[in-house]
Amino acid sequence: MTTQQETRPQAAAKPLRWAADAVATMREGARLRLDYSAQSLWRIDRMIDDLRREGAPPAAVQNVLRGFGAYAGEVIVRQTGAEWWSTGGDHWIRTPDGGLWDPIDEARRCFAGHGSLRLLCRDATAGASAHRVG
């Protein structure tokens with residue numbers, strides 16, 4: 001099955017909006033400033049841990065996790081020159097070394113207790129072996 005792939009700016013439009021919404025929500029709601037730095041992902045990982053510990057239902061935090069994942073993806077894009085790609089409604093990034101990364105899914109994995117946006121960023125910016133996408 002062949003699907004059409006879109007490159008930036010089309011594929012980046014939604015993730016950029018989701019990331020900007022997460023930044024605005026954290027600034028207004030949690031009084032937390034996010035600056036698109038790798039260091040800021042420590043705070044995002046902690047926020048996701050807090051949501052999990054509070055027992056938030058996954059459906060209730062789906063959009064928040066999508067925003068956090070898009071934010072982490074945009075951190076990687078800005079640090080490496082990666083590009084957002086979209087296939088079948090899923091959004092992921094391709095780093096210049098050819099690595100494929102799914103930061104939105106990684107945010108969901110974080111919420112389940114099995115991931116880290118900070119470590120995903122570290123691996124993606126270091127050119128580590130790619131996390132395969134869906």
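Counting only residues at least two apart or in different chains, side-chain hydrogen bond (donor to acceptor under 3.5 Å, both in side chains) contacts with residues 23-34 are absent. Judged as a salt bridge (charged side-chain N to carboxylate O under 4.0 Å, His left out), the pairs with a partner in residues 41-50 (not counting sequence neighbours) are, in order, D49-R52, D50-R53. Sequence neighbours left out, the pairs with a member in residues 10-34 that pass ring pair (Phe, Tyr, Trp, His ring centres under 6.0 Å) are W18-H91.
Residues M26 and M47 have side chains in contact (heavy-atom distance under 4.5 Å, counting atoms from C-beta outward). Counting heavy atoms from C-beta on, the side chains of D105 and W92 never come closer than 4.5 Å. Contact check for L65 versus I104: no side-chain heavy atoms found under the 4.5 Å cut-off. Side-chain atoms of V64 and L51, non-hydrogen and from C-beta on, do get closer than 4.5 Å to each other. With contacts defined as side-chain heavy-atom distances shorter than 4.5 Å, the pair Y71/S40 qualifies. Within the 4.5 Å cutoff, side-chain heavy atoms of W101 are placed close to those of T95. In this structure the side chain of T80 never reaches within 4.5 angstrom of the side chain of D97, judged on heavy atoms.
S86 approaches G89 most closely through the heavy-atom pair OG-N, 4.4 Å. Across all their heavy atoms, C121 and A38 have their closest contact at SG-CB, 4.1 Å. Across every non-hydrogen atom of G73 and P103, the tightest pair is CA-CG, 3.6 Å.
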| task | In sequence, state the C-alpha distance, the side-chain angles, and the governing distance for V61 and I48, and then conclude on side-chain contact (heavy atoms from CB on, under 4.5 Å). | result | CA-CA 9 Å; V61 296; I48 294 172; over 6 Å; no

| Evaluation steps, side-chain contact (heavy atoms from CB on, under 4.5 Å), between N63 and D21 | CA-CA 10 Å; N63 288 342; D21 288 348; over 6 Å; no

| V23 vs Y36, side-chain contact (heavy atoms from CB on, under 4.5 Å): CA-CA, chis, key distance, verdict | CA-CA 9 Å; V23 169; Y36 292 96; 3.5 Å; yes

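The side-chain contact (heavy atoms from CB on, under 4.5 Å) with Q79 is formed by just one residue from the set V77, I76, V75; it is V75.
Here Q62 pairs with nothing under the side-chain contact (heavy atoms from CB on, under 4.5 Å) rule; sequence neighbours left out. Remark: P57 pairs with A60 by the side-chain contact (heavy atoms from CB on, under 4.5 Å) rule, at least two apart or across chains. For A20, there are no side-chain contact (heavy atoms from CB on, under 4.5 Å) partners two or more places apart in sequence or in a different chain.
For R94 (side chain) and L100 (main-chain N/O), no donor-acceptor pair under 3.5 Å exists by modelled atom type.
The line from CD of E106 to CG of L120 is 5.0 Å long, rounded to the nearest 0.5 Å. Note that the CG atom of L41 and the SG atom of C110 stand 9.5 Å from one another [nearest 0.5 Å].
A side-chain N or O of E74 and one of W84 form a donor-acceptor pair less than 3.5 Å apart.
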